[in-house]
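Encoded as structure tokens, the structure appears first; notes follow it.
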Amino acid sequence: MQATGALTPFNSPLVKLERLFESSGVELFAKLDSLQLSGSTKERTAESLITAFLESGELEPGGMVVESTSGNLGISLARQCVVRGIRFVAVVDENANKSALQIMRAYGATVDLVRDPPDGNRLAARRQRVAQLLNENPGAVTTNQYGSLRNPEAHYSSTMPEIMEAAGGELDMLFVATSTTGTILGCQKYVREHDLATKLVAVDAAGSVLFGGEAAERRLPGLGAGIIPELSLQVQPDQVLRIPEIEMVRGCRLLARREGILAGASTGAIVAALGQVLPDVPRGSRVAFLVHDSGVPYLHTVYNDQWVEENLGEVLEPADFHELEDDAAR
């Protein structure tokens, strides 16, 4: 495999969904970034972050990258680092997806686990540990996904233009899950610079502090934040929707059973958000969303009835998955 092919994200397909909310009267499209080489849209982010460090000379082959990550960025950074001859340390907490940690280790990454921070703020504790590791390893760098402008740049230069090209230049709404807010910020920059009418909907987790939210316990990684990322201060979505974790589960399972797309919790949150919003969207509108990652690392959580019952306190019945469709068709 040539190095260039190993490093560059590919243009993931935008597919039309006919069955998910078939009674809604909207044209619904999904961009399958779950098909990126490392399994998520974070492949774009990781490539952009690492390339910036290499081009600036701050990082050289054989160097070390340290990053706080809940899963997907860690996988993508691990893949990007291994093909460039760079060591990678992923700082994670106890909510990290176990499958994601196994994948990172398979790529040769070191996983550094932060346990039980006294104040319960896992994200802040991870970032403190990153600072400690950088101090202990001179020459190491952190990609700082929460503040680096190379995070949104990846989506400004690739994600949003790909969506608009595939949609024929006409798109009324785009739903994006938020955590670092890099993806939606890059899309926002593109929309504004190109004077597009596309409305951006930020899908956040209940219990996240983004966009004025109130902090609460969250069990599923990859969506929401326990601190306010620097990038989020520049984000001005047209609408913000906060989704409880049980609704993320319902959304994931509905997408799998209606469209045969196995996606992660953040995409399930988007499906739940669509179920809330589509009744108020004019028929004939063109709506798109990102499938941020694959559902395979979530088989032991989102798609596991026992885990859902023990951690979210609900027993899901087959009828539960029809509620979202009924809501969307109101």
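Each residue takes its place number in the sequence, starting with 1.
For the residue pair S38/S76, the side-chain donor-acceptor check at 3.5 Å is satisfied. In the model, S48 has no side-chain atom that pairs as donor or acceptor with a side-chain atom of H155 under 3.5 Å. A donor atom on one side chain and an acceptor atom on the other are found under 3.5 Å apart for E58 and S56. A donor-acceptor pair shorter than 3.5 Å cannot be found between the side chains of T51 and E55.
Distance alone, capped at 3.5 Å, places no donor-acceptor pair between the N151 side chain and the T45 backbone. Side chain of S208 to backbone of G224: no donor-acceptor contact under 3.5 angstrom is found. Although no hydrogens or angles enter the test, the distance criterion places a donor-acceptor pair under 3.5 Å between the side chain of E67 and the main chain of Q145. Listed for the S285 side chain is a donor-acceptor partner under 3.5 Å among the backbone atoms of P282. Using a distance-only test at 3.5 Å, with no hydrogens or angles considered, a donor-acceptor pair links the side chain of S158 to the main chain of A154. Proximity of a side-chain donor or acceptor of N97 to a complementary backbone N or O of G71 within less than 3.5 Å is not detected. Between the side chain of E18 and the backbone N or O of E259, no donor-acceptor pair lies under 3.5 Å. Counting only distance, with no hydrogens or angles, the side chain of E314 and the backbone of I246 share no donor-acceptor pair below 3.5 Å.
A heavy-atom distance below 4.5 Å is found between the side chains of F289 and T267. Considering only heavy atoms from C-beta on, V65 stays 4.5 Å or farther from L49 through its side chain. Between Y146 and N144 there is a side-chain heavy-atom pair separated by less than 4.5 Å. Under the 4.5 Å side-chain criterion, counting only non-hydrogen atoms from C-beta, Q36 is not in contact with E47. Annotation: side chain of D293 is in contact with side chain of S266 (closest heavy-atom distance under 4.5 Å). Residues L101 and M104 meet the side-chain proximity criterion, which asks for heavy atoms closer than 4.5 Å. The shortest distance between side-chain heavy atoms of V26 and F21 does not fall below 4.5 Å. Between H300 and S99, the closest side-chain pair of non-hydrogen atoms falls below 4.5 Å.
Cluster membership for L220 and L241, using ILVMFWY side-chain heavy atoms within less than 4.5 angstrom, is shared. The hydrophobic clustering, which links ILVMFWY residues whose side-chain heavy atoms are closer than 4.5 Å, places L20 and I243 together. There is a path of hydrophobic side-chain contacts, each under 4.5 Å, that joins L200 to V240. By the criterion of side-chain heavy atoms lying less than 4.5 angstrom apart, applied directly or through intervening Ile, Leu, Val, Met, Phe, Trp or Tyr residues, V296 is grouped together with I270 in one hydrophobic cluster. Cluster annotation: L14 is not connected to L274 through the hydrophobic network of ILVMFWY side chains, with a link wherever side-chain heavy atoms come within less than 4.5 Å.
A salt bridge links E230 to R127: one of the charged nitrogens lies within less than 4.0 Å of a carboxylate oxygen. We find that R129 and D93 are not joined by a salt bridge, their nearest charged nitrogen and carboxylate oxygen being 4.0 Å or further apart. Residues D172 and R286 are not paired through a salt bridge, judged by the lack of any N-O separation under 4.0 Å between the basic side chain and the carboxylate. Between E27 and K16, at least one side-chain N (NZ, or NE/NH1/NH2) sits under 4.0 Å from a carboxylate O, which counts as a salt bridge. Contact check on E43 versus R79 returns a salt bridge, with a Lys/Arg side-chain nitrogen under 4.0 Å from an Asp/Glu carboxylate oxygen.
Counting heavy atoms of neighbouring residues, nucleotides and ligands inside a 6.0 Å radius, atom CD of E214 does not exceed 12 of them. Residue-environment remark: CD1 (I228) stays at or below the threshold of 12 foreign heavy atoms within 6.0 Å. Annotation: E165, atom CD; neighbour count of heavy atoms from other residues, nucleotides and ligands within 6.0 Å does not exceed 12. In this structure, E136 places its CD atom where more than 12 heavy-atom neighbours from other residues, nucleotides or ligands lie under 6.0 Å away. Heavy-atom neighbours of Q239 CD from other residues, nucleotides or ligands within 6.0 Å: above the threshold of 12.
Pairing each heavy atom of S68 with each of R126, the nearest pair is OG-NE, 2.7 Å. Of all non-hydrogen atoms in P221 and Y298, the two that sit nearest each other are O-OH, 4.1 Å. Contact detail for A215 and V209: the closest heavy-atom pair is CB-CG1, 3.6 Å. Contact between G63 and I86 at its shortest, heavy atoms only, is O-CG2, 3.4 Å. Residues I50 and C81 come closest through the heavy atom pair CD1-SG, 4.1 Å. Listed here is the closest heavy atom pair of I227 and A124: CG2-CB, 4.2 Å.
If you run side chain to side chain contact (heavy atoms under 4.5 Å, CB included) between F175 and each of L290, V203, V271, only V203 comes through. Screening P152, P229, P237 for a side chain to side chain contact (heavy atoms under 4.5 Å, CB included) with L185, the sole residue that qualifies is P152.
Evaluation of the salt bridge (charged side-chain N to carboxylate O under 4.0 Å, His left out) test over residues 176-203, restricted to residues two or more places apart or in two chains, returns E153-K189. Screening residues 192-221 for ring-ring contact (aromatic ring centres under 6.0 Å, His included), with sequence neighbours left out, gives Y190-H194.
Atom CZ of residue R253 and atom CG of residue L262 lie 10.5 Å apart, to the nearest 0.5 angstrom. Between the CG atom in L133 and the CD atom in Q128 there is a gap of 12.0 Å [rounded to 0.5 Å]. Taking OG from S157 and CD from E162, the interatomic distance works out to 8.5 Å, rounded to the nearest 0.5 Å. A distance of 11.0 Å separates CD1 in I184 from CD in Q236, rounded to the nearest 0.5 Å. Distance check: R19 CZ to L255 CG gives 10.5 Å after rounding to the nearest 0.5 Å. Rounded to the nearest 0.5 angstrom, T41 OG1 and L73 CG are separated by 11.0 Å.
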inquiry  = I'd like to know whether L17 forms a side chain to side chain contact (heavy atoms under 4.5 Å, CB included) with E22, so could you lay out the CA-CA distance, the side-chain angles of the two residues, the decisive distance to 0.1 Å, and finally the verdict.
reply    = CA-CA 8 Å; L17 304 185; E22 60 182 351; over 6 Å; no
query = Going through the distances and angles, do V89 and M64 end up as a side chain to side chain contact (heavy atoms under 4.5 Å, CB included)?
reply = CA-CA 8 Å; V89 179; M64 176 187 289; 4.1 Å; yes
query = What's the verdict on side chain to side chain contact (heavy atoms under 4.5 Å, CB included) for K42 and T180, showing C-alpha distance, side-chain angles and the deciding distance?
reply = CA-CA 11 Å; K42 293 294 188 179; T180 68; 3.9 Å; yes
query = Given R115 and E94, is the salt bridge (charged side-chain N to carboxylate O under 4.0 Å, His left out) satisfied, shown in steps?
reply = CA-CA 6 Å; R115 297 180 182 275; E94 291 173 300; 3.5 Å; yes
query = Checking side chain to side chain contact (heavy atoms under 4.5 Å, CB included) for the pair M248/V302: CA distance, chi angles, key distance, verdict?
reply = CA-CA 8 Å; M248 298 179 199; V302 168; over 6 Å; no
